[in-house]
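Reading through the structure tokens given below for one structure.
Here is how names work: the chains are called A, B, and so on, in the same order as the sequence lines, proteins then strands, and each is numbered from 1.
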Protein chains: 2
Amino acid sequence: MTDGTTTGSPVGSDGGSQALPGLPDVAEVGTVPVVLAALADPVRLEMVRRMADAPDRTARCVGLYDDIGKSTASHHFKVLREAGLTERTYIDGALHQRLRLAEVEQRLPGLLASVLAGLG
Amino acid sequence: MTDGTTTGSPVGSDGGSQALPGLPDVAEVGTVPVVLAALADPVRLEMVRRMADAPDRTARCVGLYDDIGKSTASHHFKVLREAGLTERTYIDGALHQRLRLAEVEQRLPGLLASVLAGLG
DNA sequence: CGTCGGGTTCGATCCGCGTCGAACATCGGC
DNA sequence: GCCGATGTTCGACGCGGATCGAACCCGACG
């Protein structure tokens, strides 16, 4: 990695202080019902769509939603994360959400493509 | 049709008595959130799986579920039907549910295949 | 004609989800 | 070192969904 991109804690893996304790930044791609339930919500679906359109499938949290409160957005991030669809990534200390396209594709081939295509 | 297969009212389209009034037997395939929500429930997912495995994608209602009440099953049938995933079909007067594979495939190509493959 | 099997409808219940506001934590900048 | 921006967490609330039992309807069969 040539820039500050890091997956996990903001401080990276230098063994330093644990800045965000107990925060699982990533999870395995869940079962079919879990993944479908995560994608069934319009708000989350829009988030996924924006990430898919973003360069490197990564976007700042604030750029993924409109017209809802921060706490609500955070809740949706958690659902997507626990379904294994996204992960937290830190770029120069700034928190981003990344769509785990490859991992989801491996476990459920073609699903995300079908879903995203169906939005048009 | 060489046998008694009929879509719609049990009496077919001979202009006879309306045996099941106000019962929409089929609906257009819904939006992505609607379809995903319909597929997100484990009970309905199992129903879809059994229909997909059945010959002609058609099965008797009673053969699509276990360990739940009739009324609950009927509710799930309604959800699937209103999402456009299934339709009611009468074979020699016996009510069946048919998975509308072609119609879903046309609107959301690859989705059902991905979902069903992910169950294995 | 009475009965049985199979589905639907209705009402009630219960639980989970989406939403918000407020409080807290963290990071970057002045 | 303080402050603003950004996310997370924690209750609380309301709504919709999943479930059940009971009643009803219809076709088949004796």
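To the nearest angstrom, P of C/dG18 lies 18 Å from CG of A/D67. Summarising the geometry, the separation between NE2 on A/H96 and C1' on D/dA5 is reported as 14 Å, rounded to the nearest angstrom. Computed from coordinates, the A/I68 CD1 to C/dG18 C1' distance equals 10 Å when rounded to whole Å. Taking atom CG of A/D92 as the reference point, atom P of C/dG28 lies 9 Å away to the nearest angstrom. Atom CD in A/E82 sits roughly 15 Å away from atom P in C/dG16 (whole-Å rounding). Atom NE2 of A/H75 is separated from atom P of D/dG14 by 18 Å (rounded to the nearest Å). As a whole-Å value, the separation of A/Y65 OH from C/dG18 P is 17 Å. The nearest whole Å value for the distance from the CD atom in A/Q97 to the P atom in D/dG7 is 8 Å.
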- Yes or no on side-chain contact (heavy atoms from CB on, under 4.5 Å) for B/V35 and B/L108, after CA distance, side-chain angles and deciding distance? CA-CA 10 Å; B/V35 171; B/L108 298 163; 4.0 Å; yes
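Between A/R60 and D/dA5, a side-chain N or O to OP1/OP2 separation shorter than 4.0 Å is absent. Phosphate proximity of C/dT8 to B/R88: present, with a side-chain N or O under 4.0 Å from OP1 or OP2. Between A/T72 and C/dT19, a side-chain N or O to OP1/OP2 separation shorter than 4.0 Å is absent. Residue B/S71 places none of its side-chain N or O atoms closer than 4.0 Å to OP1 or OP2 of C/dT8. Residue B/S74 has a polar side-chain atom (N or O) positioned under 4.0 Å from OP1 or OP2 of C/dT8.
With 3.5 Å as the limit, one finds a donor-acceptor pair spanning the side chains of B/R44 and B/H76.
Between B/E46 and B/R49 there is a side-chain heavy-atom pair separated by less than 4.5 Å.
Each of A/M47, A/R81, A/K78, A/H96 was checked for a side chain to side chain contact (heavy atoms under 4.5 Å, CB included) with A/T86, and the lone residue meeting it is A/R81.
At the heavy-atom level, B/H76 lies under 4.0 Å from the strands shown only through sugar-phosphate atoms.
Within residues 31-53 of chain A, the residues having any heavy atom under 4.0 Å from DNA chain C are, by residue number, A/D41, A/V43, A/R44.
Mapping B/V79 and B/K70 onto DNA chain D by nearest heavy atom places B/V79 at the nucleotide closer to the 5' end.
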